[in-house]
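Take a look at the structure set out below.
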Amino acid sequence: MKCLIFISLIFVFFSGWAQSQRPNVVIVLTDDQGYGEFSCNGNPLVHTPNIDRLAKEGFRFTDFHVAPMCTPTRGELLTGLDAFRNGAVNVSSGRTLLRADLPTMANVFKKAGYATAVFGKWHLGDNYPYRPQDRGFDETLWFPSSHINSVPDFWDNDYFDDIYMHNGNRKEYKGYCTDVFFDEAIKWMSEKIDEKISYFTYLPLNASHSPHYVPDKYRESIKRSIKEHPEIVKHLSESKKKELVSFLAMGNNIDENIGKLYEFLTENNQLEKTIIVFLTDNGSTFGADYYNAGMKGRKTQLWEGGHRVPLFIRTPSKICKSPKAIEELCQVQDLLPTLAAMSGIKEIPKNLDGMNLFPLMNEAKENLEDRMLVINYSRMPNFKVKYTTKNPAIPQRDGAGVLWKSWRLIENRELYNIATDPHQDKDVALEYPEIVQKMRNHLNNWWDAVKDEVAVVQRVVIGNEQENPALLTACEWLDVFVDQQKQIRWGVKKNGVWHVAVHQPGEYRFELRRWPRESETALQDGLPLKKVTDGWLEKGVQLSVRSAKIRIGNREKSKKIASSDKEVTFTMNLNQGDISIQTWFFDKNNNEICGAYFLYVKRI
């Protein structure tokens with residue numbers, strides 16, 4: 001008996017020792033920066049010494065691809081699955097929700113004994129069961145939807161001294177958003193160091209997404225660079241130049257924070273215990289206008305500039321001794337199996353679309369097996385496309401790009417060879433019909449495997465104790481785009497349907513609002529133009545709202561509205577199960593104006 005106890009203690013001791021030896025993992029994902037936004041990739045207008053250092057000290061993936069939009073990339077990163085398999089296919093319009101049944105990278109690392117945390121832009125679901133705290137993260141500091149000042153974000157957040165979600169509660173933070181996210185991450189990692197726990201830190205930033213608000217000091221070096229290289233921006237309007245300056249200034253701030261991360265890890269003896277990953281979530285919003293590293297295209301497009309992005313991975317020397325450039329065709333889905341393998345984690349989800357790249361990095365393997373990749377995502381409802389007359393928000397086979405070696409098949413009709421035509425100026429589909437057919441066959445097989453999964457609408461859950469009350473916003477109207485607070489200020493004439501799952505039967509209270517609670521504004525009132533730290537928020541128009549209606553399933557209720565009313569409330573008894581909800585605001589002649597942009601739901 002004593003022998004068994006002794007052996008058990010030895011096992012526990014060495015298990016703890018093995019866990020303490022596991023590398024920490026820090027992932028920095030920036031928003032809307034493309035391949036060419038860094039001086040290490042030849043950009044003449046910026047100086048990014050800390051990101052350049054990562055590129056120099058780490059592995060540099062030169063043919064690495066993500067989705068052309070941020071939500072699909074983020075879901076693919078965290079699940080290792082194509083967007084059409086994981087459910088997160090669009091940045092809004094009810095199609096951002098990452099399937100609740102899928103384990104995430106945070107789940108994988110947490111199960112292996114890591115402490116897990118996220119700081120920044122989540123964008124994979126604002127409500128239960130899609131929030132980061134529902135998906136394997138112990139510590140969560142985030143804001144909802146696509147950007148700060150999006151519809152479900154705290155009203156009038158402006159990047160400075162904002163209110164974010166911290167472990168399920170709203171909390172105010174002093175400082176500029178990117179600084180806050182890095183500072184809070186460093187604070188949390190310091191605690192884990194003291195506790196001698198390996199940590200998985202996910203830093204998905206909102207910078208450099210619009211609105212391009214930034215402390216003014218970061219603009220100065222960009223302005224000097226433009227004066228030194230006026231030919232690069234001479235074709236741009238003055239307003240476009242101004243936006244470019246702010247966009248690149250946000251990148252300067254990101255680089256400074258990467259330097260702060262380096263300093264923290266060095267001072268705490270963590271640099272040689274930590275894997276640092278840096279990438280961006282889609283192609284540049286500005287690169288095609290000034291510098292795009294020789295590529296064509298931008299964010300939202302299937303041209304190379306829309307989805308080829310930088311990936312730098314710095315590893316402890318005991319994991320990989322010889323950093324180098326890797327030219328193999330790789331994708332963001334590869335990161336989950338790669339980081340798990342580098343961290344000694346063997347238990348990962350099966351049937352991933354990603355491939356373990358670690359053998360390439362530790363020189364156990366010279367090349368990857370021949371592979372074709374498919375890039376596809378759901379477009380905005382008003383997106384102009386050539387391949388269909390249907391609503392482009394509905395996922396389509398021919399909205400894809402297929403990548404194979406240096407070949408690019410775009411929208412199942414145009415073929416480019418970026419080895420001989422890096423800017424993708426010459427469609428060679430007629431010259432290489434056998435290549436087109438081979439890639440088309442792959443696309444068809446891929447589509448047959450995903451078309452049923454991607455057609456399933458993901459549903460927010462109401463009435464669960466994990467989130468009661470809950471706030472539903474116009475961001476989740478299926479295939480309707482209302483994602484920006486400025487659209488609420490405009491009073492956009494749109495309406496849509498929420499698809500929800502009722503967790504348990506009972507009486508539910510529904511509060512319909514045009515403005516969110518914290519604005520304390522009546523349904524009919526407008527808002528004045530507002531000066532914020534680094535810009536202006538637009539005037540909010542008045543709406544002549546006189547009545548409201550709600551439809552839940554096949555039941556409807558209506559009410560008149562007084563001029564001072566800030567909300568309209570209804571109660572209904574609901575059964576457990578899937579159901580649809582829609583709301584309306586009407587004028588005095590009973591003409592529809594719009595739906596309620598904000599719907600507060602509580603099981604009472």
Side-chain angles (χ1 to χ4, degrees), residues 21-29 35 38 40-41 51-67 73 76-82 105 108-109 112 200 202 271-281 293 295 304 307-375 401-408 418-419 422 439 442:
Q21 300 304 302
R22 280 187 171 165
N24 308 306
V25 176
V26 178
I27 300 176
V28 179
L29 175 70
Y35 189 91
F38 311 96
C40 59
N41 285 335
I51 294 170
D52 293 358
R53 179 183 175 187
L54 265 180
K56 182 179 179 181
E57 295 180 355
F59 290 84
R60 305 168 305 286
F61 290 78
T62 61
D63 197 7
F64 177 78
H65 299 264
V66 295
T73 292
E76 290 171 340
L77 167 66
L78 289 179
T79 64
L81 296 171
D82 294 346
M105 195 184 298
V108 169
F109 277 82
F200 171 80
Y202 180 40
L271 193 58
E272 278 303 301
K273 299 177 182 178
T274 304
I275 299 168
I276 307 174
V277 181
F278 179 90
L279 71 159
T280 71
D281 67 350
M295 296 183 293
E304 200 77 355
H307 49 79
R308 181 156 68 94
V309 302
L311 171 64
F312 308 134
I313 303 180
R314 188 194 189 281
T315 71
S317 57
K318 65 182 179 182
I319 294 178
C320 293
K321 295 186 181 302
S322 304
K324 60 183 178 181
I326 292 178
E327 299 177 352
E328 294 287 307
L329 179 64
C330 301
Q331 61 180 348
V332 68
Q333 293 91 314
D334 297 333
L335 284 175
L336 190 158
T338 300
L339 293 174
M342 295 172 70
S343 304
I345 299 173
K346 299 189 183 302
E347 190 174 343
I348 65 172
K350 296 179 180 179
N351 302 317
L352 298 180
D353 295 311
M355 183 179 292
N356 179 12
L357 306 179
F358 188 31
L360 280 181
M361 301 166 67
N362 65 11
E363 300 182 344
K365 197 172 186 179
E366 289 187 6
N367 302 103
L368 293 177
E369 62 187 60
D370 191 31
R371 67 194 310 208
M372 285 191 194
L373 309 179
V374 177
I375 291 174
V402 183
L403 286 58
W404 179 42
K405 300 179 180 178
S406 62
W407 299 103
R408 304 292 186 260
I418 61 169
M439 299 177 78
H442 181 81

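Because the structure is predicted, anything quoted here is derived from the model rather than measured. In this chain, residues are counted from 1 in sequence order.
Counting all heavy atoms, side chain and backbone alike, Met355 lies closest to Leu368 at SD-CD2, 3.5 Å. The two residues Glu347 and Val108 come nearest to each other via the heavy atoms O-CG1, 3.9 Å. In terms of heavy-atom proximity, Arg308 sits nearest to Tyr35 at O-CB, 3.5 Å. Shown here for Ile51 and Phe312, the closest heavy-atom pair between the two residues is CG2-CE1, 3.8 Å. Closest heavy-atom contact between Asn41 and Pro310: ND2-CB, 4.2 Å. Contact between Pro323 and Gly58 at its shortest, heavy atoms only, is CB-O, 3.4 Å.
Arg22 contributes a side-chain N or O that, together with a main-chain N or O of Ala112, makes up a donor-acceptor pair within less than 3.5 Å. Of the possible polar contacts, one joining the Thr73 side chain to the Ala67 backbone as a donor-acceptor pair under 3.5 Å is found. At least one donor-acceptor pair under 3.5 Å links the side chain of Asp52 to the backbone N or O of Cys40. Within the 3.5 Å criterion, the main-chain N or O of Glu328 finds no donor-acceptor partner in the side chain of Asp63.
Between Phe38 and Phe278, the two ring planes are perpendicular [angle over 60°; tilted spans 30° to 60°].
To the nearest 0.5 angstrom, Asp82 atom CG is 6.0 Å from Gln331 atom CD. Expressed to the nearest 0.5 Å, how far CD1 of Ile348 lies from OG of Ser343 amounts to 11.5 Å. Asp281 CG to His307 NE2: the interatomic distance, rounded to the nearest 0.5 Å, is 14.0 Å. For the atom pair Asn367 CG and Leu329 CG, the distance stands at 12.5 Å (nearest 0.5 Å). One finds the CD1 atom of Ile326 at 5.0 Å from the CG atom of Leu360 (value rounded to the nearest 0.5 Å). Once rounded to the nearest 0.5 Å, the distance linking CD1 of Ile276 with CG of Leu271 reads 5.5 Å.
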Query raised in the report: Hey, mind stepping through Met105 and Leu339 against side-chain contact (heavy atoms from CB on, under 4.5 Å) and telling me if it holds?
Result: CA-CA 9 Å; Met105 195 184 298; Leu339 293 174; 4.0 Å; yes
**Report entry** Val402 and Trp407: CA distance, side-chain angles, deciding distance, side-chain contact (heavy atoms from CB on, under 4.5 Å) verdict
**Finding:** CA-CA 8 Å; Val402 183; Trp407 299 103; over 6 Å; no
Requested in this report: Please step through side-chain contact (heavy atoms from CB on, under 4.5 Å) for the pair Val332 and Leu279, ending with a clear verdict.
Outcome: CA-CA 9 Å; Val332 68; Leu279 71 159; 4.0 Å; yes
Query - Test log, rule salt bridge (charged side-chain N to carboxylate O under 4.0 Å, His left out), inputs Arg371 and Asp353 - result: CA-CA 11 Å; Arg371 67 194 310 208; Asp353 295 311; over 6 Å; no
**Report entry** Evaluation steps, side-chain contact (heavy atoms from CB on, under 4.5 Å), between Glu76 and Leu81
**Finding:** CA-CA 5 Å; Glu76 290 171 340; Leu81 296 171; over 6 Å; no
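Taking 4.5 Å as the limit, some side-chain heavy atom of Lys324 sits within range of a side-chain heavy atom of Glu363. Annotation: side chain of Leu352 is not in contact with side chain of Gln333 (no heavy-atom distance under 4.5 Å). Side-chain contact check for Lys405 versus Asp370: some heavy-atom pair is nearer than 4.5 Å. Within the 4.5 Å cutoff, side-chain heavy atoms of Tyr202 are placed close to those of Leu77. Residues Leu335 and Leu78 are not in side-chain contact: their nearest non-hydrogen atoms beyond the backbone lie 4.5 Å or more apart. Residues Thr274 and Val25 have side chains not in contact (no heavy-atom distance under 4.5 Å, counting atoms from C-beta outward). Within the 4.5 Å cutoff, no side-chain heavy atoms of Arg60 are placed close to those of Ile313. Here the side chains of Met342 and Met361 are in contact, with some heavy-atom distance below 4.5 Å.
In this structure, Phe358 has its ring center at least 6.0 angstrom away from the ring center of Phe59.
Using modelled atom types and a 3.5 Å distance limit, the side chains of Glu272 and Ser317 yield a donor-acceptor pair.
With Phe200 as the fixed residue, the side-chain contact (heavy atoms from CB on, under 4.5 Å) test singles out one of Ile275, Ile27, Asn24: Ile27.
Sparse packing is recorded around NZ of Lys346, with 12 or fewer heavy atoms of other residues, nucleotides or ligands lying under 6.0 Å away.
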